[in-house]
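First the proteins, then the strands, lettered A, B, ... as listed; each starts at 1.
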2 protein chains.
Amino acid sequence: MTRHNSYTDLLIIGAGPAGLMAACWASQYAMTTRLIDQKSERTKAGHADGINSRTMEILDSFGVADVVMRQAVGNMDASYWGLDENTGHIRRIKCQPSQPQELSRFDQMLLNQGAIEQILIDYLHSKGRVHVERGRKAEDLELPDGSDQNGDDAFPVHVRVISANGEDGQSDNAEVIHARYVIACDGAQSWTSAQLNVDSDVWKTESTWGVMDIVPDTDFPDIRRACAIQSGDGGSMMVVPRENNLVRFYLQMNGGEGRSPNGPDKSEGSLEDLIDMAERALRPYKLAYKHCDWWSLYPIGRRLIKQYHVDRIFFAGDAAHTHSPKGGQGMNISMQDSYNLVWKIAAVITGSVDPAILETYQSERRPEAEQLMEFDTRLVYAYEEGSMEDGSEDGVEAVRDKYAGFMAGVAVTYSPSILVSNCESNTAVTRNIQLGKRLPSYLVVGQEDGCVVHLAQKLDSNGCWRLLIFSGDLHSPGIRDRLSRFAKEFSGRLNSQLGLQSTKISQVLETFLIHSSPRSSFDKSELLGLFHHFGTELGWDHAKTFADDPSYHGDTGQAYQQYGIDKQRGGLIVCRPDQHVGWTGDLEDVEGLEKYFSRFLIRRERA
Amino acid sequence: MTRHNSYTDLLIIGAGPAGLMAACWASQYAMTTRLIDQKSERTKAGHADGINSRTMEILDSFGVADVVMRQAVGNMDASYWGLDENTGHIRRIKCQPSQPQELSRFDQMLLNQGAIEQILIDYLHSKGRVHVERGRKAEDLELPDGSDQNGDDAFPVHVRVISANGEDGQSDNAEVIHARYVIACDGAQSWTSAQLNVDSDVWKTESTWGVMDIVPDTDFPDIRRACAIQSGDGGSMMVVPRENNLVRFYLQMNGGEGRSPNGPDKSEGSLEDLIDMAERALRPYKLAYKHCDWWSLYPIGRRLIKQYHVDRIFFAGDAAHTHSPKGGQGMNISMQDSYNLVWKIAAVITGSVDPAILETYQSERRPEAEQLMEFDTRLVYAYEEGSMEDGSEDGVEAVRDKYAGFMAGVAVTYSPSILVSNCESNTAVTRNIQLGKRLPSYLVVGQEDGCVVHLAQKLDSNGCWRLLIFSGDLHSPGIRDRLSRFAKEFSGRLNSQLGLQSTKISQVLETFLIHSSPRSSFDKSELLGLFHHFGTELGWDHAKTFADDPSYHGDTGQAYQQYGIDKQRGGLIVCRPDQHVGWTGDLEDVEGLEKYFSRFLIRRERA
């Protein structure tokens with residue numbers, strides 16, 4: 001049989017949130033990427049809708065957070081309602097912020113999954129490197145012999161792809177894509193994991209929930225707040241405000257009796273059943289509706305894949321883990337999976353780092369998914385069995401409080417590895433910064449232009465590593481000498497020890513200086529002298545100097561304090577391309593810095 | 001000769017910033033709009049680059065401010081340099097904020113005119129109602145007989161349009177566009193005003209300036225700040241930071257001797273001349289360059305059209321006024337012209353208001369242009385003749401300080417007219433709000449969803465008038481009765497006196513309630529009762545209720561104080577579709593409110 005062969009550095013199977021995020025990341029790199037999806041169009045309504053703070057930060061690093069904010073609604077209030085035994089009706093027990101404000105510069109947002117997909121598709125279109133190939137279905141998968149995967153065949157994974165309507169499959173025209181690496185984002189019923197017989201841990205439970213997106217007509221006062229509601233006969237319900245006056249309702253269905261082995265289908269309940277249940281749960285308030293955007297029934301089931309990759313095939317999103325939608329985490333953990341993975345694969349493909357870093361995908365993301373399973377189990381239990389009363393230890397509020405950082409997506413802390421230093425003594429330099437955790441962002445002011453920026457805005461997703469040099473006050477005794485020595489030694493070591501040339505290093509590692517002197521107290525020329533070695537050899541760019549100093553708006557000057565960096569001592573921070581902190585140390589610890597990079601950066605001979 | 005006839009409600013001639021802004025506004029209305037431009041493409045480089053705070057507010061009202069901010073640079077610092085007589089070199093005299101921070105929620109931004117045009121073109125594309133017809137040139141203009149313009153011919157202005165390359169003009173295929181109204185945005189050499197022999201006031205001066213956009217290689221420390229520089233032999237110079245590491249230089253050329261009557265052309269100076277002059281002016285700092293994006297020479301000349309319209313043909317932007325680029329005002333005043341005009345023309349075309357309001361275009365915009373001429377004269381004089389020393393009364397800094405509100409575009413205050421009430425007693429209700437001025441914006445918190453918004457974000461450019469009801473504290477004695485009476489009376493009067501029906505009024509007038517009670521102290525149901533008359537007949541929407549109360553972020557709760565509204569007394573504010581305040585009054589003054597609207601809203605019979 002003749003077949004059409006093609007070659008790509010990276011093949012992504014599935015164009016849901018995980019696959020699209022993977023493609024957005026891949027668009028930053030000089031490599032070829034294919035993205036196939038068997039469906040003919042993106043998600044149209046319903047499905048996931050929660051966007052946590054960390055996902056907003058990631059979307060902002062691609063420059064699309066403001067597009068989301070224009071369409072989405074903010075999830076600000078968390079309101080708890082329980083049964084008033086005197087009246088037999090629900091009453092509000094408390095209303096509080098949906099998460100602590102200091103967690104992130106972004107609030108939680110709510111927007112339907114299809115709109116998120118469209119924003120990522122538009123981003124891909126604007127970059128022009130990767131486009132979604134729809135109606136294309138993977139039909140066969142050939143893996144390299146395990147012993148041979150680093151051998152001659154540079155494109156060892158072979159995936160046979162046909163038209164999703166089956167026509168190509170019958171003809172000689174099926175395409176075989178030869179890929180260096182494959183990311184399977186093909187969802188809960190992952191075809192890829194089935195081909196590879198990947199084992200999962202599975203937790204089955206007996207409860208079934210219904211979900212609907214309607215435009216409600218109601219006098220329930222908290223209809224634009226996220227509510228957890230427990231009523232007596234009405235059962236448990238979760239209410240979430242959404243864009244375009246939509247409101248999402250999650251309703252606990254009656255038991256699991258007579259359910260088909262694959263979970264409920266729509267013959268087991270109707271939209272009218274869901275409306276009836278919601279109306280009962282909301283009493284004494286009224287509920288009616290005219291427009292329903294989407295509805296579904298689902299069993300609560302949890303599954304977590306045992307291995308996050310098989311050879312060069314990696315799993316991300318629902319292909320790796322499934323759980324209930326209660327915590328609004330699914331779309332977030334999925335996108336965060338591929339956000340963790342793709343810069344690593346791309347750095348390996350483009351040749352700058354050791355493939356050993358790919359093992360960190362499983363070591364960093366599976367613990368996160370394990371925590372998700374634990375959180376989801378506790379949250380569902382709280383909805384079904386816990387008490388909504390204030391102070392209850394097994395209630396929804398207690399679970400949400402305990403997991404607030406997790407739910408916001410900002411608490412995730414990757415363990416020590418080839419990519420995360422474990423030198424605890426170094427963290428004394430930056431007391432409030434945790435190795436392995438994404439760098440929190442504070443406002444700083446541009447030394448040269450006076451513009452106020454969030455430091456995170458300088459850490460956008462372009463594939464660069466970042467070295468943040470916190471020098472302290474440049475007028476303190478000795479600081480300038482220390483900084484000058486640092487610049488000289490850093491420049492020398494990265495050239496000679498790592499064999500990196502200036503043109504190369506500035507593509508891989510971007511440097512920022514954040515000083516704590518009054519912005520007006522010195523001129524650029526003084527810094528130019530200071531950074532002579534650095535500047536001439538490593539392309540020091542003065543647009544990358546910032547002051548932790550009050551700005552005209554008065555909203556800056558707290559960064560050192562927030563990071564826990566001493567203004568006399570200063571410190572260095574290395575951020576990975578995904579903004580997680582890989583290394584911290586003193587200005588004098590250039591050797592430690594070099595050792596960190598030498599663990600994974602591939603040494604090149606000097607030209 | 002046969003000719004192709006077509007019909008449009010509005011014809012816009014010229015697709016520069018003024019014409020594109022006109023088309024963006026026109027896209028909001030149910031009418032037909034054509035936009036022609038004789039050039040084959042948009043501005044590619046150079047030209048205007050200043051975006052003042054008011055323009056940013058306007059762009060935000062179309063939802064595109066964040067797109068601008070991602071491309072532009074902030075203009076934060078204003079730095080003043082003069083001659084140090086001891087050294088014979090320039091020295092920094094002072095550096096200060098480029099404008100007072102309280103003027104607007106947006107800073108001044110800098111971005112080339114072509115990028116702004118592209119953002120407006122993209123907006124038009126996304127709305128899909130109007131597109132730019134390029135390579136189309138107006139060749140002949142027929143005005144209606146003055147006495148007949150309100151007669152039978154609903155499309156009285158006839159504009160013959162041909163291909164800009166002349167081919168159509170020779171054939172029978174030239175198009176004649178019959179328009180109800182025409183807006184001429186065809187620039188400083190306006191073809192339209194020439195056809196109509198429109199008189200202008202003209203001020204000629206003798207100075208010539210050069211302008212260039214380069215990527216400088218320099219050790220001048222303030223190269224990313226807006227600088228006014230006076231050096232001895234080097235003459236006067238203005239330096240402005242720009243996107244993509246570009247910097248704009250404005251240089252005073254030597255006198256005006258031998259200049260051709262139409263001002264200098266490029267034979268009178270070269271880019272190398274400009275570089276030489278800039279290098280001399282910057283000494284002791286060095287200046288070199290590799291890339292020049294654009295350069296030009298221009299005479300300082302001022303011209304202001306005497307009549308802003310002839311019958312149904314209106315002039316906007318450079319077609320109405322020209323001046324020096326010194327103050328960075330040109331693109332702003334131009335876009336603000338058409339932003340003032342189009343909602344009026346559109347309201348007349350779509351039939352809801354009296355054509356008498358069109359006279360306010362001249363009465364509102366020509367005084368603004370007169371002030372521009374005065375400001376420009378003083379600023380150019382300050383650059384050429386004034387002193388840069390601190391405290392100088394004729395220096396650049398003194399002029400910039402005096403005109404700070406004007407330069408930011410937020411000080412413009414339209415005089416009393418059919419559209420701006422002159423009842424001074426009413427302004428006691430809202431002490432810090434000036435009739436005729438755009439409403440300043442402060443943060444408020446959504447009653448139902450807890451989201452923090454700038455009030456201005458609710459006043460987007462969709463053609464609606466807005467009534468802002470500042471009720472005060474709903475728990476104060478008597479407030480609820482006053483509010484209920486207001487709702488009842490307002491609903492009744494606007495129905496019966498103005499003959500507006502509920503479906504109609506909610507399209508024309510949007511209402512917001514901003515109370516000063518703690519957000520958690522009452523529920524929606526209480527308000528529903530209060531606004532019964534309002535709600536059922538006028539479509540009261542509770543997503544439009546806000547609290548002037550601290551939010552979770554702690555950044556709200558100052559609006560009443562900032563507006564100068566007493567929390568016991570409350571007050572009403574009417575904003576025009578362009579956010580300028582048209583009327584203010586007490587909650588009891590429904591009669592005054594009705595009188596205001598009855599001056600221009602066309603009364604309809606009830607269905």
Side-chain angles (χ1 to χ4, degrees), chain A residues 63-67 69-70 72-79 92 94-102 105 107 109-110 218-226 241 245 285 445-453 457 519-520 522-529 541-543 545 551-555, chain B residues 63-67 69-79 92 94-102 105 107 109-110 218-226 241 245 285 445-453 457 519-520 522-529 541-543 551-555:
Chain A
V64 298
D66 43 13
V67 190
M69 286 193 282
R70 221 177 353 249
V73 299
N75 182 0
M76 306 303 292
D77 293 325
S79 186
R92 186 193 295 127
K94 73 161 33 172
C95 178
Q96 61 181 31
S98 61
Q99 70 181 29
Q101 295 305 305
E102 71 278 6
R105 68 194 196 279
D107 293 314
M109 307 297 288
L110 293 156
T218 181
D219 57 352
F220 178 61
D222 287 2
I223 198 68
R224 299 306 297 173
R225 291 170 172 166
N245 291 323
Y285 303 103
V445 54
Q447 170 64 31
E448 288 199 58
D449 60 15
C451 292
V452 172
V453 291
Q457 290 177 271
R519 184 167 78 93
S520 60
F522 66 92
D523 272 348
K524 172 182 172 175
S525 49
E526 300 173 59
L527 272 181
L528 277 175
D541 176 351
H542 272 272
T545 305
S551 62
Y552 299 141
H553 292 286
D555 44 8
Chain B
V64 298
D66 42 15
V67 189
M69 286 193 281
R70 224 182 342 255
Q71 298 179 47
V73 299
N75 182 358
M76 305 302 293
D77 293 326
S79 186
R92 187 194 293 127
K94 70 159 38 170
C95 178
Q96 60 183 33
S98 61
Q99 69 181 31
Q101 295 305 306
E102 70 279 6
R105 69 194 195 278
D107 294 314
M109 307 297 288
L110 293 157
T218 181
D219 56 351
F220 178 60
D222 287 2
I223 198 67
R224 298 306 297 173
R225 291 170 172 166
N245 291 323
Y285 303 102
V445 54
Q447 170 65 30
E448 287 198 60
D449 60 16
C451 291
V452 172
V453 291
Q457 290 177 272
R519 183 168 77 95
S520 59
F522 65 91
D523 274 348
K524 174 183 173 176
S525 51
E526 300 172 61
L527 273 179
L528 277 175
D541 176 351
H542 273 270
S551 61
Y552 299 141
H553 292 287
D555 45 7

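We find the CG-CG distance between B:Leu110 and A:Asp449 to be 10.5 Å, quoted to the nearest 0.5 Å. Annotation: the span from B:Ser520 atom OG to A:Arg92 atom CZ amounts to 8.5 Å, rounded to 0.5 Å. One finds the SG atom of B:Cys451 at 7.0 Å from the CE atom of A:Met109 (value rounded to the nearest 0.5 Å).
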Please walk me through it: do A:Ile223 and B:Glu448 pass side-chain contact (heavy atoms from CB on, under 4.5 Å)?
CA-CA 8 Å; A:Ile223 198 68; B:Glu448 287 198 60; 4.1 Å; yes
Steps toward side-chain contact (heavy atoms from CB on, under 4.5 Å) verdict (A:Asp66, B:Arg70):
CA-CA 10 Å; A:Asp66 43 13; B:Arg70 224 182 342 255; 2.8 Å; yes
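Contact between A:Tyr552 and B:Met76 at its shortest, heavy atoms only, is CE1-O, 3.3 Å. The shortest non-hydrogen separation linking A:Gln447 to B:Arg225 is O-NH2, 3.9 Å.
With respect to chain B, the highest number of heavy-atom pairs below 4.5 Å among A:Asp77, A:Val73, A:Val67 belongs to A:Asp77.
Proximity to chain A is limited to the backbone of B:Gln96, based on heavy atoms less than 4.5 angstrom apart. For chain A, the nearby parts of B:Pro97 are the backbone and the side chain; heavy atoms of each come within less than 4.5 Å. With a 4.5 angstrom heavy-atom cutoff, A:Asn75 does not touch chain B via any of its atoms.
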